[in-house]
There are 2 protein chains.
Amino acid sequence: MEQVTLKQIAEYLGISIATVSKALKDYPDVSQKTKALVKAEAERLNYQPNSFAVNLRTKESRTIGLIIPEVVHFFFGNIVRAIITQAEKKGYLVIILQSDDNPELEKKQIDLLISKRVDGIMISLANNTVDTSHLQKVMRLGIPLVMFDKISKLIPCSKIIIDDRKAAYEATKHLIDQGCTKIAHFRGPLLPQNSIDRFLGYKKALEDHGLEYNSKHVFLCDPIIYEKGREHAAALLDQDMDIDGIFANTDMVAIGALSVFNERGVKVPEHLKIIGFSNWFISSAMTPTLSTVDQDGIKMGKKVFKRLFKELQAKKNGQILPPETIAMPTKVIGRGSSMLSKTAVAAKS
Amino acid sequence: MEQVTLKQIAEYLGISIATVSKALKDYPDVSQKTKALVKAEAERLNYQPNSFAVNLRTKESRTIGLIIPEVVHFFFGNIVRAIITQAEKKGYLVIILQSDDNPELEKKQIDLLISKRVDGIMISLANNTVDTSHLQKVMRLGIPLVMFDKISKLIPCSKIIIDDRKAAYEATKHLIDQGCTKIAHFRGPLLPQNSIDRFLGYKKALEDHGLEYNSKHVFLCDPIIYEKGREHAAALLDQDMDIDGIFANTDMVAIGALSVFNERGVKVPEHLKIIGFSNWFISSAMTPTLSTVDQDGIKMGKKVFKRLFKELQAKKNGQILPPETIAMPTKVIGRGSSMLSKTAVAAKS
DNA sequence: CGAAAATACGAAAACGTTTTCGGTTATGAA
DNA sequence: TTCATAACCGAAAACGTTTTCGTATTTTCG
């Protein structure tokens, strides 16, 4: 029941603790013979180093922290998954915390991770995080920090993002290409850079294609949930607005809208075309299938960890890497909700 | 940049390390005056105890491990979320590992958690885990272990589950109550107790209501994915099987089937009724809305952590609790895919 | 006033590892 | 044989905390 220690192996073999330790780590100043003996004994006793002691001595925990607004989320879920997998391959364990989009909680969680002495931190900010003092603290302590998806431009750390503006532009352009002329936007909350950029991309696309921008055609979804999609879709119909296309901030919202149109007999895509964002798995299972913007969570998660790992390695060598911002590619996926032809088309971006 | 230690506070105040430590922990043998001084100084220097040292000394990490087959999953996602939240409230951090339904990986991850000296472990087994030696090892080391959802009856630890058999029985009965007489079952893989029990519940319901059980009406979904639902639904139609109801192992499979019926113009629920399992959020957003069995991941997650916490506390007091198996309630949720009336009905269970 | 009891503090060991540095023995060369 | 060198091993410090136990000082009370 009690875990075996170096001391026990040493006593059993009648040698010193130091030699046992060195033998197990293949130090050159231990003979092959004793190495073999020690290793055999360690194996036999099922020795596992006490990581508390190792951590204390080496000052590293081989553990990294991850804070995200929400775990139950197709996009974030994939990121989490990719990060865990990659980290494990490199011998790192991941502590995951969920901020629930609550800046206060986020702050506490950062402190928690710091006090646990994690080697590095990855974070996607809460929607309305404005005070960034907790993040500055992380930087000040020299803990490698990588932000992704929802970032703050104020913090000089590495960031993995997508070009939301460009992606939104292309989603909107897709609707225009399909013949839409009056396009509404179901936007996300006002604060996060994310929703701002998507909104700006939408607006720019309209302007570039000679369509009038009308602020009445922009609906706020805060929070970004299914119900908001339903709500605004219903409003659209009730007010008899002359809309023939919708660019939704997120698939979830688009699906909400879609459900209202299905209920009310509004034909999609004939009467109205709609495109979402994120390419949740479920969007391809809807009727009609939902057009969307593909945003690969797995690739992003990989990138996030890899960047952190690089900074971790650099720190070990006493270096400090200059922050880097990487934009992941996205692509518009045209499906049944925006295209009459049944053949789905993918436009590169 | 360097973290402040007890020693520094002690030197600054000209007192001993021991007194500083005790002052911060409100030991009775420290005067109010010095306590105040120490606390003020600690606050000022932003002291945070080095958890490595604390862990080493106290032999507990205040960290627990969680292994699940898949993070990106509505049900598991909710469980993860609930566990993280509850754990944080009690001062525990959670290390999450994903087994990808791979028994080998699961084994390695258990070893990883043991070597990290987590205080306790929560696990939902991979679908085809048969060798349970790694779990026995956990038990042998006296590490509190709680299994949930996908469990092994061979391990004498606490388990949080649902009564799959009963739930499946009631789902099938629901279809029968709606007038179905030829009911197919899209079942899960052969090994996990889960799918076995759901299958058995289905079979029992048929028999209890005078309907003939026909093994040709049972379709295997392995893995349990959307595509399998589509595949079997298509087969059903192609072979012109005279089926008027489907009980699917999972909502995902039901949604796959639903999409085929939508495409092929099979009216649901008029021609055919269908019910899923798990009550994924998305099931209420489908057209038609999907009937299902509600299985509350959040409640289950809470229960899982609470049980582990209890065992953790007991262990601290040198006790060891007898294992307990808790079944969480489920309930059938009738929606558009199985009921003609638009009003959804919830039958208690 | 003197003894007993209460109060406040600190010395030191312990947790299990890593790593430096010095020492001992064996090896080889002169 | 002698000395330099290489090969191997171990003593000991260090990481930062917690906690026991002893001691010195003060207080209490007969």
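Chain identifiers are assigned alphabetically (A, B, ...) following the order of the sequence lines, protein sequences preceding nucleic acid strands; residue numbering begins at 1 within each chain.
Scanning all heavy atoms of the two residues, the minimum distance from B:Phe148 to B:Val304 falls at CB-CG2, 3.6 Å.
In this structure, B:Asp26 atom CG and D:dT19 atom C1' are separated by 16 Å, rounded to whole Å. For the pair A:Leu24 CG and C:dT19 C1', the interatomic distance rounds to 15 Å; values are reported in whole Å. The NZ atom of A:Lys7 sits 16 Å away from the P atom of D:dG10 (whole-angstrom rounding). Residue B:Leu13 contributes atom CG, which lies 16 Å from atom C1' of C:dA8 at whole-angstrom precision. Taking atom CZ of residue B:Arg117 and atom C1' of nucleotide C:dT17, one finds them 11 Å apart after rounding to whole Å. Between B:Ile9 atom CD1 and D:dT17 atom P the separation is 8 Å, expressed in whole Å. For the pair B:Lys22 NZ and C:dG10 C1', the interatomic distance rounds to 7 Å; values are reported in whole Å. At whole-Å resolution of the value, CG in A:Asp29 and P in D:dC8 are 9 Å apart.
Side chains of A:Gln313 and A:Gln319: a donor-acceptor N/O pair is absent below 3.5 angstrom, by distance only. There is a side-chain donor-acceptor pair under 3.5 Å between B:Thr63 and A:Lys116. A donor-acceptor pair shorter than 3.5 Å cannot be found between the side chains of A:Thr85 and B:Gln98.
Residue order along DNA chain C, read from the 5' end via each residue's closest nucleotide, puts B:Thr19 first among A:Tyr27 and B:Thr19.
Closest contact between the side chain of B:Ile15 and the listed nucleotides D:dT17, D:dG16, C:dG10 involves C:dG10.
Ionic pairing of A:Asp26 and A:Lys35 is present here: one or more N-O contacts between side-chain nitrogen and carboxylate oxygen are shorter than 4.0 angstrom.
Within a 6.0 Å sphere centred on CD of A:Glu324, other residues, nucleotides and ligands contribute more than 12 heavy atoms.
Nucleic acid contact class of B:Thr5 (heavy atoms, under 4.0 Å, all strands): sugar-phosphate only.
Of the residues in residues 30-52 of chain A, those with a non-hydrogen atom less than 4.0 angstrom from any atom of DNA chain C are A:Tyr47, A:Pro49, A:Asn50.
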